[in-house]
Amino acid sequence: MTHEILDPTTTSAWRDLREHAARLASTTIRDLVEADAGRPDSFALAAAGISFDASRQRLDDSTRTSLLDLAAECGVFGRRDQMLAGVHINVTEDRAVLHTALRMPAASTLVVDGVDVAADVHEVLARMGVFAEAVRSGEWRGATGERISAVVNIGIGGSDLGPAMAHIALEAFSQRDISFHFVSNVDPTDMSEALHALDPARTLFIVASKTFTTLETMTNAHAARSWLVATLGEDAVERHFVAVSTNAELVSAFGIDTANMFGFWDWVGGRYSMDSSIGLSTMIAIGAEQYGQLLAGFHAMDVHFATAPASGNVPLLMGLLSVWNRNFLDIETTAVLPYSQYLSRFPAYLQQLTMESNGKSVRLDGTAVDYQTGGIFWGEPGTNGQHSFYQLLHQGTSTVACDVIVVARSENPLTDQQDILVANALSQASVLSLGRTAAEVAADGTAEALVPHKVMPGNRPVSVLMVERLDPFTLGALVALYEHSVFVQGVIWGIDSFDQWGVELGKKVAMGILGDLLGTQPASFDASTDASIARYRSLA
């Protein structure tokens with residue numbers, strides 16, 4: 001299909017937004033909040049159990065209207081419908097983008113390129129459910145007849161970050177007599193430490209690699225295999241290893257019964273795959289029924305994104321605010337600040353989702369962009385971050401936008417600790433956005449010499465996302481919210497949010513250096529790399 005890419009900077013909405021940015025240059029978030037008592041209501045939206053409060057963002061009603069106009073002019077809605085229908089919107093790889101098909105209800109039908117992808121998804125889900133319940137119940141036994149008490153997921157990137165994040169997020173809903181471990185780094189320490197206290201007879205490995213050739217994953221998988229075989233022998237492999245892959249030949253050669261291979265499809269990008277068979281460890285942890293609730297949360301947000309009016313569409317507004325902050329307020333980074341220990345790995349998960357998707361400088365038609373694209377996402381759970389990097393957020397010379405995520409009900413109530421946690425979250429949202437003036441500091445009785453040191457400039461854009469509790473449904477909805485926000489940004493910027501060529505080149509060069517280090521294919525590189533190789537050899 002032909003992809004006509006509109007330069008967003010040529011739209012009338014983009015020109016209007018430049019004027020808004022100039023008009024609001026001397027207007028602070030505090031000014032906006034104090035001028036409009038109804039602002040907390042007019043800038044609050046909700047979807048799939050998530051409330052989204054944008055009242056602490058630095059924009060007004062007119063700005064919001066122009067942002068919605070920008071979405072319309074850049075074709076966000078048509079592109080959204082193409083994605084959901086299975087059109088090949090991943091242009092550089094000529095692929096459909098159908099992570100939303102992974103969570104469609106069982107009765108759904110979606111025919112793409114002559115195949116009912118919804119039926120395929122549910123066939124794999126059914127097989128996953130049978131296997132997961134067999135492990136959970138003890139029906140699936142190791143080679144010596146013992147129950148599985150530890151699951152080790154071996155993968156990298158999307159084959160690790162999603163499952164690892166989900167396991168921590170949903171630990172309160174997990175089966176506690178099975179421990180879960182996630183190995184991704186090719187650094188031998190990662191695998192060694194994971195295996196240190198495990199019993200081979202009671203350990204199950206999930207090797208997650210679509211092609212079964214990913215260097216880091218397969219290196220770790222072979223290390224795990226050697227560890228197992230040293231104790232239990234070759235015949236034990238098929239009772240202690242399963243695969244998430246599509247390469248039956250290599251899976252079988254490894255020693256895994258292909259009946260225990262769970263596939264997925266090229267229309268699922270790694271960073272969008274945590275609800276595919278990549279989520280097998282998640283399903284073992286929480287069970288097939290609760291995994292179904294996770295998928296239902298994803299789907300509920302998908303439906304909202306597909307059907308909600310533009311003015312009330314949460315992922316749309318979230319994505320548009322990211323564009324506003326990045327392109328018009330010149331804010332380069334967003335800190336994701338979840339006030340929930342269960343979401344401790346959520347910022348790391350979002351780093352891949354956002355930066356691998358929209359870290360692009362070439363548009364879909366191959367032309368270079370001349371405007372900013374994807375911002376930098378990072379973060380830590382509160383209140384730990386408050387005692388780490390919040391000083392820069394409050395008083396540093398760089399303005400950082402913030403997503404503050406609040407979970408209202410704790411799964412582990414201890415005295416008044418949840419109230420303390422939420423009080424911290426809301427206070428930070430307030431001070432980051434509204435600040436504290438010199439007059440207010442002086443009114444507290446602060447010594448005159450200290451007043452400038454205690455002024456908080458505020459004016460940091462903050463979105464507050466609040467949920468009742470962090471259960472499987474809510475986690476699914478939360479992830480889907482960010483997925484669709486990323487999509488909106490990519491469409492407006494005219495880039496392909498679903499390829500990752502920048503990652504591929506580094507892998508290719510690494511293989512060349514590895515050949516030289518191993519002596520299998522001696523080579524020469526640039527002078528700096530050759531010097532580093534020589535230095536490594538002298539130290540190793």
Side-chain angles (χ1 to χ4, degrees), residues 28-30 33 40 50-58 165 168-169 171-172 318 321-322 325 329 331-351 354 375-438 440-441 444-446 450-470 474-475 478 482:
T28 66
I29 296 171
R30 176 183 281 219
V33 170
I50 300 172
S51 70
F52 181 76
D53 179 2
S55 62
R56 301 173 186 83
Q57 291 283 335
R58 189 151 69 92
M165 178 275 291
I168 297 173
E171 197 163 13
M318 191 174 183
L321 287 172
S322 291
N325 288 331
L329 301 186
I331 297 174
E332 296 183 340
T333 78
T334 296
V336 180
L337 310 171
Y339 279 75
S340 166
Q341 188 62 27
Y342 283 130
L343 289 174
S344 60
R345 291 292 288 167
F346 192 60
Y349 175 78
L350 290 184
Q351 285 174 1
T354 58
I376 299 166
F377 276 68
W378 58 284
E380 277 286 317
T383 57
N384 294 8
Q386 293 176 200
H387 295 266
S388 174
F389 54 80
Y390 275 45
Q391 170 61 38
L392 184 146
L393 297 186
H394 283 295
Q395 292 184 309
T397 56
S398 297
T399 299
V400 178
C402 300
D403 287 354
V404 175
I405 303 174
V406 179
V407 178
R409 286 175 49 194
S410 173
E411 302 299 325
N412 306 286
L414 293 174
T415 61
D416 56 358
Q417 286 184 225
Q418 183 67 10
D419 288 338
I420 295 172
L421 179 70
V422 174
N424 273 275
L426 298 183
S427 70
Q428 295 298 325
S430 175
V431 177
L432 283 165
S433 57
L434 304 184
R436 191 158 182 81
T437 66
E440 290 170 332
V441 172
D444 289 338
T446 302
L450 286 179
V451 167
H453 296 279
K454 293 191 174 185
V455 168
M456 302 289 169
N459 219 29
R460 276 62 172 158
V462 176
S463 293
V464 175
L465 293 80
M466 192 175 297
V467 300
E468 180 181 351
R469 63 187 299 214
L470 186 63
T474 301
L475 180 65
L478 186 62
Y482 276 92

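Since this is a predicted model, take the numbers as computed values, not measurements. Numbering starts at 1 and runs along the sequence shown. Computation of the quantities below employed the complete heavy-atom set of this structure, encompassing side-chain atoms and omitting hydrogens, waters and symmetry-equivalent molecules.
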* To do: Mind running side chain to side chain contact (heavy atoms under 4.5 Å, CB included) on Met466 and Asp53 for me, showing each step along the way?
  => CA-CA 8 Å; Met466 192 175 297; Asp53 179 2; over 6 Å; no
* Option passing side-chain contact (heavy atoms from CB on, under 4.5 Å) with Gln57 (candidates Val462, Asn325, Ile29) -> Asn325
* Report the residue from Val422, Thr415, Ile420 that forms a side-chain contact (heavy atoms from CB on, under 4.5 Å) with Gln418. => Val422
* Report, as yes or no, whether the 6.0 Å neighbourhood of atom CD on Glu332 holds more than 12 heavy atoms from other residues, nucleotides or ligands. => no
Throw together a table of side-chain donor-acceptor distances under 3.5 angstrom for residues 340-347, partners on residues two or more places apart or in other chains.
| residue | atom | partner | partner atom | Å |
| --- | --- | --- | --- | --- |
| Ser340 | OG | Tyr342 | N | 3.3 |
| Tyr342 | OH | Asn412 | ND2 | 2.8 |
| Ser344 | OG | Gln341 | O | 3.3 |

* Asked: Hey, does the side chain of Arg460 reach the backbone of Leu393 with a donor-acceptor pair shorter than 3.5 angstrom?
  -> yes
* Give a yes-or-no answer on whether the side chains of Asp444 and Thr446 include a donor-acceptor pair shorter than 3.5 Å. => no
* Residues His453 and Gln395: side-chain donor-acceptor under 3.5 angstrom -> no
* To do: Name all pairs fulfilling the side-chain hydrogen bond (donor to acceptor under 3.5 Å, both in side chains) condition that reach into residues 401-411, sequence neighbours left out, sorted by first residue then second.
  => Asp403-Tyr482, Arg409-Glu468, Glu411-Arg469
How close do [X] and [Y] get, heavy atom to heavy atom, and via which atoms?
X      : Y      : answer
Arg56  : Ser433 : CD-OG, 3.5 Å
Ala401 : Ile331 : N-CG2, 3.6 Å
Val441 : Lys454 : CG2-O, 3.5 Å

Less than 3.5 Å apart, which donor and acceptor atoms pair up between the side chains of residues 378-386 and the rest of the protein, not counting sequence neighbours?
| residue | atom | partner | partner atom | Å |
| --- | --- | --- | --- | --- |
| Gln386 | OE1 | Tyr339 | OH | 2.7 |
| Gln386 | NE2 | Asn424 | OD1 | 2.9 |

